[in-house]
Each structure stands twice: as C-alpha cells, then as structure tokens.
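Worksheet: the structure to be examined is printed underneath.
Note that the structure is a prediction, hence the values are computed from the model and not measured.
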Amino acid sequence: MVVLRPDEVRFGGEVWGKVARVTVDRLSVQTVDEWDELGAHLVFVDVAKQRAVIRVSQEIEGDDFGGPIPGEKSLFSFYGSSGSDAGRRRVSCDAMVESVLNKVSDYGSSRVITLIAMSSVGSADPITMSTA
C-alpha cells in the first residue's frame, strides 16, 4: 500500500506534519514449503508468520528536536488523500516504532520512521481500513 501526501497522520496523541508518503509492506517471516517425491518443484507453500512494516517519510524544514523513540507503542492512523471526504479511507493499527532515520542533503532534509504493526490476537490482521 502506498499513500502519497496523506491528509492526516497520527501516532498516539501527536499529529505528524509534512508527511510525503506512507507505505505499508507485508512480509513473510516464515514460510512452510513442501515437495513430493515426484519432482523438484514445490507442491505446497504457505506463510506461517508474517509482519506488516509501515514507513512514514516526512519532510523537515528546520531544526527538529522531536520525533518518536524506538520502542514507543501507540495507535497509528492515517487518512488517504482522495481530494474529497467521499470515499476517503482511514488506515489504523497498533504499532511500535522500530527506527527513526534522518537524512540531510543539498536538496533538503527528511526523516523516515519505520513502525511494526501489532495485532491483539495473532489470527487477526493488525491493519484495519475503514471509510471516514
């Protein structure tokens, strides 16, 4: 999932400004593979464990002493920018900050915050989408 210039991004009680994009990647952490005795190709594959990784890219326009700390846990949410409230989507999950990376170049400064989505029950998808 990729959302460019989301309308609003929140982590806990804070609103994160100047967000250029939010990406949600779903990764397999453990797969189950099975072969039969007839050949070299898989006959069954499944994802036993998975992880949802969220990356928030922010533009920084001046001194910035804030930002989340790795290990912080809270409700994370954002609204996709559709140009109107009709059909606007809200994505949310409980998440933990994994890393905060700052980058400075001749063209500006940015921050990438990486979060890991958490589920209250392992069988439930940690990411929920709803219409606003």
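Cluster membership check: Val53 does not share its hydrophobic cluster with Val19, using side-chain heavy-atom separations under 4.5 Å among Ile, Leu, Val, Met, Phe, Trp and Tyr. Under the 4.5 Å side-chain heavy-atom criterion for Ile, Leu, Val, Met, Phe, Trp and Tyr, Val24 and Ile113 are members of the same hydrophobic cluster.
Residues Cys93 and Ile54 share a closest heavy-atom pair of SG-CD1, 3.5 Å. Closest approach of Val97 and Pro68 over heavy atoms only: CG2-CB, 3.8 Å. Here the shortest heavy-atom pairing between Val22 and Pro6 reads CG2-CG, 3.9 Å. Here the closest heavy-atom approach between residue Arg89 and residue Met129 is recorded as NH1-SD, 4.0 Å. Closest non-hydrogen pair, Leu75 versus Arg90, comes out as CD2-NH2, 4.2 Å.
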*Apply side-chain contact (heavy atoms from CB on, under 4.5 Å) to Leu4 and Val2, showing your working.*
CA-CA 6 Å; Leu4 302 175; Val2 176; 4.0 Å; yes

*Would Met96 and Leu115 count as a side-chain contact (heavy atoms from CB on, under 4.5 Å) if you check the C-alpha gap in whole Å, the side-chain angles of each, and the deciding distance to 0.1 Å?*
CA-CA 5 Å; Met96 183 210 62; Leu115 303 118; over 6 Å; no

*Using the salt bridge (Lys or Arg N to Asp or Glu O under 4.0 Å) rule, take Asp94 and Lys73 through it: C-alpha gap first, then chi angles, then the decisive distance, then the call.*
CA-CA 7 Å; Asp94 287 324; Lys73 296 176 186 173; over 6 Å; no

*Could you check Arg88 against Thr131 for side-chain contact (heavy atoms from CB on, under 4.5 Å), going step by step and ending with a plain yes or no?*
CA-CA 6 Å; Arg88 183 174 144 174; Thr131 54; over 6 Å; no

*Take Arg5 and Glu59 through the test salt bridge (Lys or Arg N to Asp or Glu O under 4.0 Å) and record every step on the way to the result.*
CA-CA 11 Å; Arg5 299 280 178 207; Glu59 297 169 351; 2.7 Å; yes

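Here Arg26 pairs with Asp125 under the salt bridge (Lys or Arg N to Asp or Glu O under 4.0 Å) rule; sequence neighbours left out. Qualifying salt bridge (Lys or Arg N to Asp or Glu O under 4.0 Å) partners for Arg51, counting only residues two or more places apart in sequence or in other chains: none.
With hydrogens and angles ignored, the 3.5 Å screen pairs no side-chain donor or acceptor of Gln58 with any backbone N or O of Ser110. A distance-only check finds a donor-acceptor pair linking the side chain of Glu72 to the backbone of Ile69 [under 3.5 Å]. Ser74 places a side-chain N or O within 3.5 Å of a backbone atom of Gly12 that can act as its donor or acceptor partner. At least one donor-acceptor pair closer than 3.5 Å links the side chain of Ser119 to the backbone N or O of Ala124.
Annotation: the span from Ile127 atom CD1 to Ser77 atom OG amounts to 11.5 Å, rounded to 0.5 Å. Distance check, rounded to the nearest 0.5 Å: CZ of Arg111 to CH2 of Trp16 gives 9.0 Å. Rounding to the nearest 0.5 Å places CZ of Arg10 at 12.5 Å from OG of Ser92. Here the straight-line distance linking atom CG of Asp25 with atom CZ of Arg55 works out to 5.5 Å at 0.5 Å rounding. Atom CD of residue Glu98 and atom CD1 of residue Ile116 lie 4.0 Å apart, to the nearest 0.5 angstrom.
Phe76 is listed as a side-chain neighbour of Val56, based on a closest heavy-atom distance under 4.5 Å.
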Please table the atom pairs, donor to acceptor, closer than 3.5 Å between any side-chain atom in residues 31-43 and protein atoms at least two apart or in another chain.
residue, atom, partner, partner atom, Å
Trp35, NE1, Ala40, O, 3.3
Asp36, OD1, Leu38, N, 3.0

